[in-house]
Amino acid sequence: MGDPSKNLFLSELLNVIRRENLLEEVMRSGKTLLQGLYALQTQYPHILSRARGQGTFCAIDACNDATRDSIMIKARNKGLFMGSCGEKTIRFRPTLLFKEYHVHQLLNILNDVLAEHK
């Protein structure tokens, strides 16, 4: 029947999520992230397209896999870790503690990387 202590962990995790309004924070941060991704795809239409997401689970497509991989490597060298998905997608899956100021840091780094790619 599993480990009963896991139920205690889950219960406390749910209490923290409620007590600290983390879902509201995720929705606020996610809205800022998605707006920032829209702005970047407008600024760099030859590199990015199809920004999408819900909450902080967002994604954006690069023009091809080589460009995506290059962007991800350069971003990682600047301290930004992102995931890849499919043939050319960059995905974002931050923790529940991801705040709006983290979004701005992420977008600044990504913008710097994209500006180098021009």
Given side chains that start at C-beta, do those of [X] and [Y] come closer than 4.5 Å, heavy atoms only?
X	Y	value
R52	D61	yes
V103	Q35	no
N15	E12	yes
N111	Q43	yes
F92	T56	no
L33	L107	yes

Group every Ile, Leu, Val, Met, Phe, Trp and Tyr by side-chain heavy-atom contacts under 4.5 Å, then state whether [X] and [Y] land in the same group.
X	Y	value
F98	V26	no
L22	L13	yes
V16	L96	yes
L34	I60	no

Original post:
Any chance NZ of K74 has more than 12 other-residue heavy atoms, nucleotides or ligands included, within less than 6.0 Å?
Top reply: yes
Can a donor-acceptor pair be found, under 3.5 Å and without considering hydrogens, that links the side chain of [X] to the backbone of [Y]?
X	Y	result
T32	E100	no
H104	Y101	no
S49	P45	no
R19	L14	no
E25	L97	no
T42	Y38	yes

Original post:
Taking the six-membered ring of F57, is the NZ or CZ of R93 close enough (under 6.0 Å from the centre) and on axis enough (within 45°)?
Top reply: yes
